[in-house]
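The block underneath contains the structure these notes are about, expressed in structure tokens.
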Amino acid sequence: MTVRTRFAPSPTGFLHIGGARTALFSWAYARKHAGQFILRIEDTDVARSTPEAVQAILDGMAWLGLDWDEGPFYQMQRMDRYKEVIQKMLDEGKAYYCYSSKEELEALREYQMANQLKPRYDGRWRPEEGKALPAPPVDVQPVIRFKNPQTGVVSWDDLVKGTITISNEELDDLIIARADGTPTYNFCVVVDDWEMGITQVIRGDDHVNNTPRQINMLMALGAAIPQYAHLSMILGDDGQKLSKRHGAVSVMQYDDDGYLPQAVLNYLARLGWSHGDDEIFDMAQFCQWFDLDHITPSAAQFNTEKLNWLNAHYIKQLNGTDLVQDIEKRLALQQVKVAEQPVLAKAIDLYKERANTLNELANSIAYFYQLPETDAAALEKHITPDILPVMQALSVRLSEINWTAEQIHHEIETCVKQNGFKFPKVAMPLRVMLTGGAQSPSIDAVMAILGQQETISRIRRFIN
RNA sequence: GUCCCCAUCGUCUAGAGGCCUAGGACACCUCCCUUUCACGGAGGCGACCGGGGUUCGAAUCCCCGUGGGGACGCCA
């Protein structure tokens, strides 16, 4: 049987890191088995769903490069089909009208909680043989409930967590259609997973408790039961649950923050899944290796430092020319305009080994295009009065040479020797004068890129 | 409260009864490289939640505790 997986977000917000990992695993499973990956938008909560959120999810998927084979399907466009199935269930006695008001149900819930019982519908409108139902009130629009089995257990072999068994006594008759006639989540999922032929449902483990209900409905419909894999949640950097208030950000935020999608993907793949000791791999490799047997059943804490390490790794893999457009954009956001000279790609190549993020990279080379502010401590430490005449003389010599890193190095070396200095005695003041700080790559390489005229002009700012 | 799930270094994890004196990665520390800072290289620190079983033998299997998480909506 062909593998068919799906990612089914509800468009009530952006695609966050947890959703992204769920999508990634579903996608990889389908790719691994040469199956199909389906995107389904669960937008039946009309009040909270927005077109912007749909777009945000699509954008997130696109940025990550998670492509789907079918869809996106929108549940709101499948209303007629859901209603058909509901009618069929009513006709077959598998579902029934319930006239309990929200207030009534609320009172029931409170009573049960107060008596240390699990809050659940008591079946007062559930038709049974020989049971007399109350007369339907005229002013209440009924909801429709699924007639859940009352005895026995539901059990499934979860691909991540192992066998899970839940007693039907724990379940109640859930609402499958609201008073206004619209079907609810648990019902739509069942119809869709069934009719879309989903073979493996890979989703967050907050759905574990929905699974027995869905299996019961699937069985009532005579549908095949898919396999289930429930992924544990991702905790924030501080071990706390991610929430809107706390650390849950759009995957697109990682783009803004200067992370490469390949780094985020690689990081997410290793969060809760492993392939021996392998840490660094691309998505082609991941799709070959991925399986559900090596998923950790416990929650995983997000670790930005490890993401940084991976991101730094992937930045190093790229060439300056690959990154020119991206870095230019990031510099522009900081009002730094990239002039034709120095050549941006060369500056990137010089700095890409020392950046964790593209934003850091952009920041670190901004001084090539914009006079840097000089760090006060570095200034005091390295640009001492005695060094100024040396710099003056050096600047004259520099104005007379061919502007190559070798020639520059030679000039600095000569200057060092003539004065009986060690190399840093000259290199450090140059660093501070040219870059504004005391850390930079090899100073002759910096100067070669900065340009002869600009180098000399920056040095001379400090003389007189 | 009821039900369900989870539990190896600070973090992500390897581990399917003997290969475990518990391995790798991030972070941290030391040293090397060096023109400063990085990169890179070599080392180091550091964990099986507790208690009972089962077994010749348990990180691995079972039970109980403890701790953490999830679910209990006319949300998804």
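Below, chains carry the letters A, B, ... as their sequence lines are ordered, and counting in each starts from 1. Owing to the predicted nature of the structure, the values given are computational and were not obtained by experimental measurement.
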Its contact letters, B for base, S for sugar-phosphate only and - for none at protein heavy atoms under 4.0 Å, make nucleotides 6-14 of chain B read SS---SBSS
Just by distance, do the side chain of [X] and the backbone of [Y] share a donor-acceptor pair under 3.5 Å?
X      : Y      : value
A:W27  : A:I38  : no
A:Q452 : A:W403 : no
A:R124 : A:P134 : no

Rounded to whole angstrom, note down the [atom1] distance from [N] over to [M].
N     : M     : atom1 : value
B:U11 : B:G70 : C1'   : 22 Å
B:C4  : B:A42 : P     : 50 Å
B:C12 : B:C31 : C1'   : 27 Å
B:C6  : B:C32 : C1'   : 44 Å
B:U35 : B:C29 : P     : 24 Å
B:C62 : B:A22 : C1'   : 23 Å
B:G53 : B:G15 : P     : 29 Å
B:A25 : B:A47 : C1'   : 15 Å

Can you tell me how far [atom2] of [N] sits from [atom1] of [X], to the nearest Å?
X      : N     : atom1 : atom2 : result
A:K422 : B:U36 : NZ    : C1'   : 15 Å
A:M428 : B:U35 : CE    : P     : 13 Å
A:R203 : B:C4  : CZ    : C1'   : 14 Å
A:F7   : B:A76 : CZ    : P     : 16 Å
A:Y74  : B:A76 : OH    : P     : 17 Å
A:M447 : B:U36 : CE    : P     : 17 Å
A:N148 : B:C72 : CG    : C1'   : 14 Å
A:I166 : B:C72 : CD1   : C1'   : 11 Å

With a non-hydrogen cut-off below 4.0 angstrom, is [X] in contact with a base, only sugar-phosphate, or nothing?
X      : value
A:P212 : nothing
A:D278 : nothing
A:D158 : nothing
A:T44  : sugar-phosphate
A:Q439 : base
A:S100 : base
A:R109 : sugar-phosphate

Could you check, using the six-membered ring where one of them is a Trp, whether A:W125 and A:Y99 have ring centers closer than 6.0 angstrom? yes
Taking the six-membered ring for Trp and the full ring for Phe, Tyr or His, determine whether the centres of A:W289 and A:H275 are under 6.0 Å apart. yes
May I ask you to verify whether the side chain of A:R431 and the base of B:U35 hold a donor-acceptor pair under 3.5 Å? yes
Check: A:P9 and A:L15 side chains under 4.5 Å, non-hydrogen atoms: no
With side chains defined as the heavy atoms from C-beta onward, is the minimum distance between A:T404 and A:I408 less than 4.5 Å? no
Determine which nucleotide pairs with [N], using a 3.5 Å limit on both distances of a Watson-Crick or G-U wobble pair.
N     : value
B:A71 : B:U2
B:U54 : none
B:G17 : none
B:A25 : B:U11

For the residue pair A:F290 and A:F25, categorise the inter-ring angle as parallel (less than 30°), tilted (30 to 60°) or perpendicular (more than 60°). tilted
Taking the six-membered ring for Trp, are A:F302 and A:Y267 parallel (under 30°), tilted (30 to 60°) or perpendicular (over 60°)? perpendicular
Compare the minimum distances between each of [options] and the side chain of [X], then state the nucleotide with the smallest one.
X      : options             : answer
A:E353 : B:U36, B:A76, B:C39 : B:C39
A:V143 : B:G70, B:G1, B:C74  : B:C74
A:K118 : B:G1, B:C5, B:A76   : B:G1
A:K316 : B:C74, B:A76, B:G40 : B:G40

Set out, line by line, the N/O atom pairs under 3.5 Å between protein and nucleotides 65-68 of chain B.
none

Does atom NZ of A:K94 have more than 12 heavy-atom neighbours from other groups under 6.0 Å away? yes
Could you point out which residue of A:R6, A:R40, A:R78 forms a salt bridge (Lys or Arg N to Asp or Glu O under 4.0 Å) with A:E195? A:R78
Before you tell me yes or no, could you show the steps for A:Y254 and A:H16 under ring pair (Phe, Tyr, Trp, His ring centres under 6.0 Å), namely the whole-Å CA-CA distance, both residues' side-chain angles and the distance that decides it to 0.1 Å? CA-CA 10 Å; A:Y254 289 89; A:H16 56 80; over 10 Å; no
Using heavy-atom distances to pick each residue's nearest nucleotide on RNA chain B, tell me which of A:D293 and A:C98 is more 5'. A:D293
By nearest nucleotide on RNA chain B, pick out whichever of A:H409 and A:Y185 is the more 5' one. A:H409
